Amino acid sequence: MPELPEVETVRRSLETYVVGRRLRQVVGVWPRAIEGGSPEAIQARLSGRRIVGLERRAKFLSLVFDDDARLLVHLRMTGKLYPESSRRRAPEERSSHISARLELSGGLRIVFEDQRRFGRLTLLNDGAAYRRFSDRFGPEPLEAGFSLDWLRHNLQVHRRMIKPLLLDQSFLAGLGNIYVDEALWLSGIHPLESAHQIDDERVGRLRRAIRQVLRRSIKANGTTFMNFRFLGGQSGGYTDQLLVFRRDGQPCLRCGQMVTKMRVAQRGTHVCESCQPRPSGAPSTQRGRRRAKTSSESSDSPPRPL
DNA sequence: CAGAGCACCTGTGGGC
DNA sequence: TGCCCACAGGTGCTCT
């Protein structure tokens, strides 16, 4: 599930609950949810420490403690993080899906629920460890480091296809499948295009598109398909504003041609082949498999500009 | 370096 | 109706 806007939504929703409290204990941990450590090690290192911040880096949440230790949370596909009391009535919650509970001072419990159990907790002992962690990622797309010059230069030096490059967290932090498709559609760039072949004008459009979709989605509290939720089970409002993602078989909102679904970098990819012209040398590999968009309709419906 | 395939998990929905 | 399989918002590994 969660990409930058969803993780940021969770961060904002939890910040006021957790900052200022002390961690009492970590309970109910599914041991494999701990990355490179153990529940006991987390417990020993963090219990009694005060939480002084809740930050986000890429798609990680980072509980910052008063002595610079951190507890990282990655929600992966289906993870949720919420104060227990706010979710009493959430119908889909199942105890078998709980990966951990954090007991904080004042009787607050934060639940880490994760249906698919991909989500992970990671303990970082000090600021140096955090620096090493943070250095694995590219710039944050909503911060100053993601400048036009930076993007122009760094697209130039890669021969990879643009979509997998934008999904690569070490290149740019925080984008996932939804917002890459959205940003490429907005900027009129085909996902198979080689990064270094994107001309300056489209680089500028791409940068604006990335920032626009992320900002708007954060404003709407993210996107919900299956099960992204925050606080008391609220879902993201950006789902209604999606421009191309999951709109395969429907007319493109810009030109009216049918939006198609293909496979790029093993990910479902939504594209308007008319607004996002396929690069000349691109392999036409895409095995559409089942989902075949052919959608049984006559292939050419009249373009309907909107 | 770049890309494919798979592994990690569970649930859901489409096709037959 | 029910079974089987592909697929799902992410990431990290191996192999070519």
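Computed from a predicted model, the values in this text were never measured in an experiment. Every chain is numbered from 1, with letters handed out A, B, ... down the list of sequences.
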- [ ] Using a 4.5 Å cut-off on heavy atoms from C-beta on, say whether the side chain of A:Met262 contacts that of A:Thr269.
- [x]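 Yes, side chains in contact.
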
Euclidean distance, atom [atom1] of residue [X] to atom [atom2] of [N] [Å, nearest integer]:
| X | N | atom1 | atom2 | result |
| --- | --- | --- | --- | --- |
| A:Leu165 | B:dC1 | CG | P | 13 Å |
| A:Ile162 | B:dA2 | CD1 | P | 12 Å |
| A:Tyr179 | C:dG10 | OH | P | 10 Å |
| A:Asp248 | B:dG13 | CG | P | 16 Å |
| A:Arg246 | C:dA8 | CZ | P | 7 Å |

Task: By ring-ring contact (aromatic ring centres under 6.0 Å, His included) - contacts of A:Tyr130 (at least two apart) - done: A:Phe133

TODO: Quick one: sort the A:Phe171 and A:His158 rings into parallel, tilted or perpendicular, breaks at 30° and 60°.
DONE: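 The rings of A:Phe171 and A:His158 stand perpendicular, inter-plane angle above 60°.
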
Open item on the list: Angle between ring planes, A:Phe60 versus A:Phe137, binned at 30° and 60°: parallel, tilted or perpendicular?
Closed with: tilted

Task: Dot-bracket notation for DNA chain B, counting Watson-Crick and G-U pairs under 3.5 Å, with | for partners on another strand - done: .|||||||.|||||||

Task: ring pair (Phe, Tyr, Trp, His ring centres under 6.0 Å) partner of A:His270, the single match among A:Phe245, A:Trp185, A:Tyr179 - done: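 Among A:Phe245, A:Trp185, A:Tyr179, the one that satisfies the ring pair (Phe, Tyr, Trp, His ring centres under 6.0 Å) with A:His270 is A:Phe245.
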
As a test of reading the structure: which of [options] is closest to the side chain of [X], going by heavy atoms?
| X | options | result |
| --- | --- | --- |
| A:Arg136 | C:dG12, C:dG9, B:dT10 | C:dG12 |
| A:Gln266 | C:dT11, B:dG5, B:dA2 | B:dG5 |
| A:Arg263 | B:dT10, C:dG9, C:dC7 | C:dC7 |

Task: Stacked pair A:Phe228-C:dG9, distance under 5.5 Å, angle under 30° - done: no

Task: Pi stacking test for A:Phe118 and B:dC8: under 5.5 Å apart, planes under 30° - done: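 A:Phe118 vs B:dC8: stacking yes.
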
- [ ] May I ask you to say what A:Gly119 touches in the nucleic acid, namely base, sugar-phosphate or nothing, with a heavy-atom cut-off under 4.0 Å?
- [x] nothing

TODO: Grab the two heavy atoms, one from A:Arg11 and one from A:Arg56, that are nearest each other, plus how far apart they are.
DONE: CD-N, 3.6 Å

